[in-house]
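Contents: one structure, followed by commentary.
No hydrogens, no waters, no symmetry mates; every other heavy atom, side chains included, goes into these values. On a predicted model such as this, the values are computed, not experimentally measured, just so you know.
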Amino acid sequence: FDLDSKAVAATIALDSAPSALYASPNGRYAVAYQGTAGKVQFIDGGIWQEDHTDHLHDYKQGTAKVDWALAGTAPSHFDVQTGVQATVYFDGSATATSPQNAKVSVLTDDPIGGKKPTASLDLAYAVHGFAEPVGNKLLTVFRAADATSTLPTHVELYQRSGAAYTYDRRLGTRCDNMHGSFSSGSHTVVGCSDGVMVVTHTSATAVTDRKVATGLRVSTVVGHPKLSGQFIGVGTEGTTAAPPVTTRFFAIDAAAGTSAALT
């Protein structure tokens, strides 16, 4: 849609039914997940800016589908470091006829136009997870052998060098039934069965980690880049029988290591 004219500017046909739609790190492209088809396509919105040091130069052209796509088994989470980079996380599949491991592709707006990721990581297993990019660090997932579900239990830290990542370490805090993540300022928050895991970025390469209890499983974490260190954890309680399912919200102060229920 063209918001100036309030009219449809273009209609774009994807290759398969979309499962989710996101904005690229700088907002130029639409990122169209097609989970069942194992594909991620990109649509150039046609509006972008160039930094000319003392001012920004605006550009506008027609909307068009990019002649390039990412392929992989079960694209799931899309994690953004706003204005910098984003990751496409592929879950992989351990039960496929030819098992596929999870993998991560890192994107910026420029390489989308250049039709390639800026970096990538192949994991040694299939698992539903995420990959939070913060500078040259990448936080992604690991599932312990004694996990009580198919979801991850730990966060692992990788360091980027060029277009590849090197394993750094597995963080000590255990986070069962891990799902949902968000990064803002110097913190990354991850949803766990008993609260959230807070990862604090203490330098360009180092992090610390701890658990913040909520009394309820958190499965979604949201935030905003202008609210550094402040997050909302979302969880549900109850069943479809009595009592009914109820959504609960928690305000997470990552720096203070506290949570408070929101009404």
Side-chain angles (χ1 to χ4, degrees), residues 12 14-16 18-51 59 63-93 96 98-142 152 155-168 181-183 188 190 201 204-205 225:
I12 305 295
L14 300 176
D15 290 353
S16 302
S19 52
L21 194 66
Y22 304 99
S24 63
N26 290 103
R28 175 172 175 175
Y29 298 91
V31 183
Y33 274 42
Q34 295 155 58
T36 302
K39 179 181 289 188
V40 178
Q41 290 185 281
F42 305 93
I43 300 165
D44 186 352
I47 299 175
W48 75 99
Q49 292 179 316
E50 283 184 355
D51 188 353
Y59 292 89
T63 302
K65 184 167 60 179
V66 176
D67 184 22
W68 174 69
L70 284 172
T73 303
S76 58
H77 283 224
F78 185 73
D79 298 303
V80 181
Q81 184 180 9
T82 303
V84 180
Q85 58 187 337
T87 61
V88 175
Y89 183 92
F90 295 90
D91 290 348
S93 174
S98 298
Q100 301 293 318
N101 290 336
K103 65 178 184 177
V104 181
S105 294
V106 184
L107 305 170
T108 65
D109 278 43
D110 289 342
I112 291 174
K115 303 177 182 179
K116 62 179 182 180
T118 61
S120 61
L121 172 67
D122 293 325
L123 299 179
Y125 39 81
V127 63
H128 179 63
F130 58 81
E132 286 284 343
V134 180
N136 284 328
K137 298 193 292 286
L138 185 72
L139 296 170
T140 190
V141 299
F142 172 81
V155 170
E156 293 189 328
L157 172 64
Y158 287 79
Q159 306 285 351
R160 180 174 169 177
S161 178
Y165 285 94
T166 301
Y167 177 80
D168 186 313
S181 63
F182 199 92
S183 296
T188 298
V190 177
H201 300 272
T205 58

Parallel, tilted or perpendicular: which describes the rings of His128 and His77, with under 30° parallel and over 60° perpendicular?
perpendicular
- request: Could you label the plane-to-plane angle of the Tyr22 and Phe78 rings as parallel, tilted or perpendicular, counting under 30° as parallel and over 60° as perpendicular?
  value: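 Ring orientation, 0 to 90° scale: parallel.
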Using only atom types and a distance under 3.5 Å, with no angle test, would you say the side chain of [X] pairs donor to acceptor with the backbone of [Y]?
X	Y	result
Gln159	Thr205	yes
Ser105	Val88	no
Thr87	Ala131	yes
Asn26	Asp109	no
Gln100	Thr73	no
Thr118	Val106	yes
Gln85	Pro25	no

Ignoring hydrogens, what is the shortest heavy-atom contact between [X] and [Y]? Give both atom names and the distance.
X	Y	answer
Ala126	Ser93	CB-N, 3.6 Å
Pro75	Gly38	CD-CA, 3.9 Å
Gly35	Ser19	N-OG, 3.0 Å
Gly46	Asp44	N-OD1, 2.8 Å
Ser76	Gly129	OG-O, 3.8 Å
Trp68	Pro117	CZ2-CD, 3.8 Å

Fill in: Heavy-atom check, side chain of Asp79 versus side chain of Pro133, under 4.5 Å
yes
Review point. Between Val31 and Val40, is any pair of side-chain heavy atoms under 4.5 Å apart?
Key: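 In short, these two side chains touch, coming nearer than 4.5 Å.
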What distance separates [X] [atom1] from [Y] [atom2], expressed to the nearest 0.5 Å?
X	Y	atom1	atom2	value
Leu157	Tyr165	CG	OH	11.0 Å
Asp91	Leu123	CG	CG	10.5 Å
Phe130	Tyr89	CZ	OH	9.0 Å
Tyr29	Thr108	OH	OG1	9.0 Å
Asp110	Arg28	CG	CZ	8.5 Å

(Q) My understanding is that only residues two or more places apart in sequence, or in another chain, count here; which of them pass side chain to side chain contact (heavy atoms under 4.5 Å, CB included) with Ser183? (A)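 Per chain and number, Ser183 pairs via side chain to side chain contact (heavy atoms under 4.5 Å, CB included) with Glu132, Val134, Thr188.
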- prompt: Would Tyr158 and Asp168 count as a side chain to side chain contact (heavy atoms under 4.5 Å, CB included) if you check the C-alpha gap in whole Å, the side-chain angles of each, and the deciding distance to 0.1 Å?
  reply: CA-CA 5 Å; Tyr158 287 79; Asp168 186 313; 5.9 Å; no
Suppose we screen for salt bridge (charged side-chain N to carboxylate O under 4.0 Å, His left out). Which residues come up paired with Asp15, at least two apart in sequence or across chains?
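Only Lys39, Lys65 meet the salt bridge (charged side-chain N to carboxylate O under 4.0 Å, His left out) criterion with Asp15.
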Taking atom CG as the centre, does Asp67 end up with more than 12 heavy-atom neighbours from other residues, nucleotides or ligands that are less than 6.0 angstrom away?
no
Practice item. Go through the steps for Val66 and Gln41 under the test side chain to side chain contact (heavy atoms under 4.5 Å, CB included), then give the verdict. Key: CA-CA 7 Å; Val66 176; Gln41 290 185 281; over 6 Å; no
Fill in: Positive for side chain to side chain contact (heavy atoms under 4.5 Å, CB included) with Ser181, one of Val155, Val141, Val190
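That would be Val190.
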Self-check item: Working for side chain to side chain contact (heavy atoms under 4.5 Å, CB included), residues Leu70 and Leu107
Solution: CA-CA 11 Å; Leu70 284 172; Leu107 305 170; 4.2 Å; yes
